[in-house]
There are 2 protein chains.
Amino acid sequence: MNHEEDELNELLILFYFGYRTFTEKPNQMIQKYGIQRVHHRILFFIARIPGITVNELLTVLEVTKQALNHPLRQLTEKGFILHKPGEFDKRYKQLYLTDRGVNLERELSKVQQEQMKTIFTKLGGNHQEAWVDVMKELSSVRPGQKFFKDLFLTKNSETNINNK
Amino acid sequence: MNHEEDELNELLILFYFGYRTFTEKPNQMIQKYGIQRVHHRILFFIARIPGITVNELLTVLEVTKQALNHPLRQLTEKGFILHKPGEFDKRYKQLYLTDRGVNLERELSKVQQEQMKTIFTKLGGNHQEAWVDVMKELSSVRPGQKFFKDLFLTKNSETNINNK
DNA sequence: AAATTAGGTCAATAAGATTGACTTATATGA
DNA sequence: TCATATAAGTCAATCTTATTGACCTAATTT
């Protein structure tokens, strides 16, 4: 058994500890706002797709609407997000970040990016690209990720469609 | 902004979806035994360090003893682990996998390894090594990981020490 | 007018974790 | 030997995140 295979035995530990480290700083930062991991994810996806609807968001996150409802309301109460009824169909609730929300999301993203950047810089070579490639392969099989990708492309060209 | 930096904006999504994919199959497999993620992690660490004590295990996992107590008892009741009082100090409870436990742990590890192996093979080059390097950097800052490494080295040479 | 859809809400349940307090058994040091 | 410390177990209350199921309103579509 070679060195690389040896380390495959420790996949679980790498993922477990790696994910804990990756989320540790943002978790501490958001604590003072009384929010948690799930709220960060929500902020993240609304930042990527402003105007995303509730149904789209829960499809992306792969959770139920009951699971989404409470944190979403908390984020609204705390002034991080706001919603507008859909322009063409008022049943849809379109979600946007407030300025406050944009700032928080950026702050959290920045910490995670800098943490990873430090590691990529230290290791050098093609470590960043290789790591991203592998994680994208894992992510690519998720229905939520597929849905997100489609949404991302659609919504990016939506302005044009709407103004036709 | 170049391609690589672009992808750094999506770190959270890569980790979130990646971790979900990574744990999806084992989660399905252990469901039929009525156990969950935390039980898999416990099995994993006992497999790596047979004879680990309760206190050592909760230090590695970075959880409280109350959080460990219940799943540990379940695993004992279901016949996946057993314990022996410490040879030199009977207060210590040393944890071991039963044959059943060994088999389950192996089965779960195998699924995760094969999933990753498929990706590494597809991507080729030094993707595996690079990915492991990055995850090790993230893991290395965890107190639980440090403690685990020390334990791993100590317990591996313990037989010699005990037979002095 | 009826059916469908988007979203909200209530209730019950569950896993996984926390803090705090207390008990038992064992070991150790003054 | 007695006091203290340590390893582990347990009880209780609480919390977050999630689930399934049922039911409601409002808006839209057929």
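Every chain is numbered from 1, with letters handed out A, B, ... down the list of sequences.
Atoms OH (B:Y33) and P (C:dA15) sit 18 Å apart, rounded to a whole Å. Between A:Q36 atom CD and D:dC15 atom P the separation is 12 Å, expressed in whole Å. Atom-to-atom, NE2 of A:H70 to P of D:dC15 comes out at 12 Å; the value is rounded to the nearest Å. A straight line from CG of A:L58 to C1' of C:dT5 spans 13 Å, rounded to a whole angstrom. Between B:L68 atom CG and D:dA7 atom C1' there is a gap of 13 Å when expressed in whole angstrom units. B:L72 places its CG atom 16 Å from the C1' atom of C:dA15, with the value rounded to the nearest Å. The nearest whole Å value for the distance from the CG atom in B:N69 to the P atom in C:dT24 is 16 Å. Atom CG in B:L95 sits about 12 Å away from atom C1' in D:dA7, given to the nearest Å.
DNA chain D lies under 4.0 Å from no heavy atom of any residue of residues 13-27 of chain B.
Contact annotation: side chain of B:Q66 to base of C:dG20, donor-acceptor pair present below 3.5 Å.
For the pair A:R91 and A:I35, nearest-nucleotide mapping onto DNA chain D gives the more 5' position to A:I35. Between A:Y92 and B:E62, the one whose closest nucleotide on DNA chain C sits nearer the 5' end is A:Y92. In terms of position on DNA chain D, the residue among A:K65 and A:R37 whose nearest nucleotide sits closer to the 5' end is A:R37.
The closest side-chain donor-acceptor pair between B:E24 and B:T21, if any, does not fall under 3.5 angstrom. Residues A:S140 and A:E137 bring no donor and acceptor atom of their side chains to less than 3.5 Å of each other.
Contact check on B:E105 versus B:R48 returns a salt bridge, with a Lys/Arg side-chain nitrogen under 4.0 Å from an Asp/Glu carboxylate oxygen.
Closest to the side chain of B:T53, out of C:dA11, C:dG16, D:dA8, is D:dA8. Of all nucleotides listed (D:dA18, C:dT9, C:dG7), C:dT9 comes nearest to the side chain of A:R73.
Under a cutoff of 6.0 Å and an axis angle of 45°, A:R142 and B:F17 do not form a cation-pi pair.
Residue pairs satisfying the salt bridge (charged side-chain N to carboxylate O under 4.0 Å, His left out) criterion with at least one member in residues 69-83 of chain B, sequence neighbours excluded, are absent.
Distances shorter than 4.0 Å separate some side-chain N or O of B:R41 from OP1 or OP2 on C:dA17. For the pair A:T64 and D:dT19, the criterion of a side-chain N or O lying under 4.0 Å from OP1 or OP2 is met. Between B:N55 and D:dT6 there is no side-chain polar atom (N or O) within less than 4.0 angstrom of OP1 or OP2.
Put simply, the residue from A:K117, A:H40, A:K25 that forms a side chain to side chain contact (heavy atoms under 4.5 Å, CB included) with A:Q112 is A:H40. Just one residue in the list A:R20, A:R37, A:Q36 forms a side chain to side chain donor-acceptor pair (under 3.5 Å) with A:N27, and that residue is A:R37.
Among the protein residues, A:H83 comes within range of no part of the nucleic acid, since none of its heavy atoms lies under 4.0 Å from any strand.
In this structure, B:F45 and A:Y16 have perpendicular ring planes: the angle between them is above 60°, well past the 30° mark.
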